[in-house]
Amino acid sequence: MAKLQAIRGMNDILPDQTPNWQYVEKCFQGVVRRYGYREIRFPILEQTQLFKRSIGEVTDIVEKEMYSFDDRNGDNLSLRPEGTAGCVRAADQHGLLFNQQQRLWYQGPMFRHERPQKGRYRQFQQFGVEAFGMAGPDIDAEIIQLSASLWQDLGLENYLTLEINNIGTAEDRKRYAAALTAFLVFHAEELDDDARNRSHSNPMRVLDSKNPDVQEALKGAPALVDYVSDESVIHYSELKSLLTQLGVEFTESPRLVRGLDYYNNCVFEWTTDSLGAQGTVCGGGRYDGLVEQLGGKPTVAAGFAMGVERLVLMLDSLGKIPEATAQVIDVYMVVVGGQLAGSAVLLAKQLRQRFPEIGLITHCGGGKYSNQMKRAFNSGARLAIVLETESEQPLETVKIRHLIDSGDSVSVELANCGDKLAEILSISE
RNA sequence: GUGACUGUAGCUCAGCUGGUAGAGCCCUGGACUGUGACUCCGGUGGUCGCGGGUUCGAACCCCGUCAGUCACCCCA
């Protein structure tokens, strides 16, 4: 029988890697705490309808990337491809959005059936922030500033650049899309197949084309700016002013279009060139119409999501993860001779009770002294406690040996082992 | 979904133009050493991703499939 293996594009994160993840998660949590955001947790599985109605029926995510299936009741469910839809659903369902403001954050796995490559996986981790009930550009500035704080804490501030754009309201874009489609149809012969196909279904995506010929043909195309309402323009320029006051550098990218339909007005992306083709580390913007679109009362909102794999990848390749994050134990107990197993587990139990903060491994499975010592060294422990007696003799003394600073060892009465340990590790009880 | 490259012991890899597999590390037994090290000797471990085909014979050729990597696409 063939060996079972993980589903394509779904990664196992092994013990050598998990400290890196914990480090990043700790940084997230520190930042959101400072900004007063509270955690919300919602299911990984939702009605497929939720994503269709929020992300948009004709987006790639919904059209060809969702893990959807009928459950035993015949309901069509999907693994969440992003977090905002579920967050809005949960918050609205429980009345969190009624006449109030909310600052929320979440973290968890998302699922998209794409072809895997560096920084892009079928199950991936997102960390996101959503703010509800605040209409002004100040909240937009706040969440951007929040993300910038995180880069600072992670030491990535010099490796990420912020791009922003104003994509107007849904109405603005509708009028613009019509004009753009007309332009594209007129210039159809200069476009490639892909661009022609999108001219009607999703004309704004054509602007993103990397085909130089298409970009050439786009010269003279109508600009979104000219279709954006005055209100949006004012909001946007206020945001820019706030960012400038905050010292957050940005570049304006008129071509920046988000792939999810619910965004409006200000959108932004943090990108890097150190990740290959998957340069976007964080993306977000306003989505003022989404709550209402999903059946709630009209509620303005803004948020962003970031890809944790991409961040971990980036930190790893840039050497930005502090060494101290790796988990090490403090004490390794070497047990020579099977008759000492009882004494060993008992001593270990007592020490763990007395020193809850230290990590202690008891050697299990026997084996000769030299091999046990080898494991003790390889464990990274500072100290080894050696239990050894002449055969049949009761255990009276143990040896405590330094493994890192020196090779010194001291012999202590079994009963005084804890005191000696406290002294050596400078633990105040 | 499309394309290119890759897939040999737990890990890193070698294996010339086809003749049924090797090294280092790791692990382990022993020698030495007042006891993890070093050195020396020995050992475990692979139906060469999987399935077909060509051939007297394939890890090496062909087809399919799965997976990985990178790019397109898409996005976090």
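In what follows, chains carry the letters A, B, and so on, assigned in the order in which the sequence lines appear, proteins first and then strands, with residues in each chain numbered from 1.
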Using the [atom1] atom in both, what is the distance from [N] to [M], to the nearest Å?
{"N": "G46(B)", "M": "U20(B)", "atom1": "C1'", "value": "13 Å"}
{"N": "C25(B)", "M": "C62(B)", "atom1": "C1'", "value": "37 Å"}
{"N": "G3(B)", "M": "G64(B)", "atom1": "P", "value": "11 Å"}
{"N": "A9(B)", "M": "A14(B)", "atom1": "C1'", "value": "13 Å"}
{"N": "U28(B)", "M": "G45(B)", "atom1": "P", "value": "16 Å"}
{"N": "A31(B)", "M": "U69(B)", "atom1": "C1'", "value": "46 Å"}
{"N": "C48(B)", "M": "C60(B)", "atom1": "C1'", "value": "10 Å"}
{"N": "G24(B)", "M": "G57(B)", "atom1": "C1'", "value": "31 Å"}

Establish, from distance only, whether the side-chain atoms of [X] and [Y] form a donor-acceptor pair under 3.5 Å.
{"X": "Gln123(A)", "Y": "Tyr67(A)", "result": "no"}
{"X": "Tyr287(A)", "Y": "Gln293(A)", "result": "no"}
{"X": "Arg286(A)", "Y": "Ser232(A)", "result": "no"}
{"X": "Arg89(A)", "Y": "Gln93(A)", "result": "yes"}

| query | With respect to the side chain of Ala305(A), which nucleotide from A67(B), A76(B), C74(B) is positioned closest? | reply |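 Side chain of Ala305(A) sits closest to A76(B).
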Using the six-membered ring wherever Trp is involved, compare the ring planes of Tyr106(A) and Phe42(A) and label them parallel, tilted or perpendicular (cut-offs 30° and 60°). perpendicular
Would you say the side chain of [X] and the base of [N] hold a donor-acceptor pair, judged only by whether the two atoms sit under 3.5 Å apart?
{"X": "Gln278(A)", "N": "A71(B)", "value": "no"}
{"X": "Arg120(A)", "N": "C74(B)", "value": "yes"}
{"X": "Arg310(A)", "N": "C75(B)", "value": "yes"}

Check the distance between [N]'s [atom2] and [X]'s [atom1] and give it to me in whole angstrom.
{"X": "Glu114(A)", "N": "C70(B)", "atom1": "CD", "atom2": "P", "value": "14 Å"}
{"X": "Ile55(A)", "N": "C75(B)", "atom1": "CD1", "atom2": "P", "value": "11 Å"}
{"X": "Met314(A)", "N": "A76(B)", "atom1": "CE", "atom2": "P", "value": "17 Å"}
{"X": "Met10(A)", "N": "C66(B)", "atom1": "CE", "atom2": "P", "value": "16 Å"}
{"X": "Arg122(A)", "N": "C75(B)", "atom1": "CZ", "atom2": "P", "value": "17 Å"}
{"X": "Leu313(A)", "N": "U69(B)", "atom1": "CG", "atom2": "P", "value": "10 Å"}
{"X": "Met110(A)", "N": "A76(B)", "atom1": "CE", "atom2": "P", "value": "11 Å"}
{"X": "Asn11(A)", "N": "A67(B)", "atom1": "CG", "atom2": "P", "value": "13 Å"}

Heavy atoms only, 4.0 Å cut-off, all strands: where does [X] land among base, sugar-phosphate and nothing?
{"X": "Gly276(A)", "value": "sugar-phosphate"}
{"X": "Leu260(A)", "value": "sugar-phosphate"}
{"X": "Tyr332(A)", "value": "nothing"}
{"X": "Gly279(A)", "value": "nothing"}

With sugar-phosphate taken as primed atoms, P, OP1 and OP2 and all else as base, the protein-contact string of nucleotides 25-35 of chain B at under 4.0 Å (heavy atoms; B, S, -) is --SSSS----B
Heavy-atom nearest nucleotide on RNA chain B taken for Gln117(A) and for Leu403(A); more 5' hit belongs to Leu403(A)
Result for 5'-nearest mapping on RNA chain B, choosing between Glu65(A) and Arg8(A), is Arg8(A)
Return the nucleotide paired to [N]: Watson-Crick means purine N1 to pyrimidine N3 with N6-O4 or O6-N4, wobble means G-U with N1-O2 and O6-N3, both under 3.5 Å.
{"N": "A71(B)", "value": "U2(B)"}
{"N": "C32(B)", "value": "none"}
{"N": "U44(B)", "value": "none"}

Give every donor-acceptor pair under 3.5 Å between a side-chain atom in residues 7-23 of chain A and any protein atom, sequence neighbours left out.
from, atom 1, to, atom 2, distance (Å)
Gln17(A), NE2, Asp316(A), OD2, 3.4
Thr18(A), OG1, Pro15(A), O, 3.2

Quiz item: Looking at Thr169(A), Asp172(A), Asn166(A), Asp288(A), which one forms a side chain to side chain donor-acceptor pair (under 3.5 Å) with Asn264(A)?
Solution: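 Output: one option passes, namely Asp288(A).
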If you look only at pairs with a residue in residues 367-378 of chain A, which of them pass as a side chain to side chain donor-acceptor pair (under 3.5 Å), with sequence neighbours excluded?
->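 Matches after skipping sequence neighbours: none remain.
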From the list Phe127(A), Tyr37(A), Trp105(A), ring pair (Phe, Tyr, Trp, His ring centres under 6.0 Å) with Phe28(A) holds only for Phe127(A)
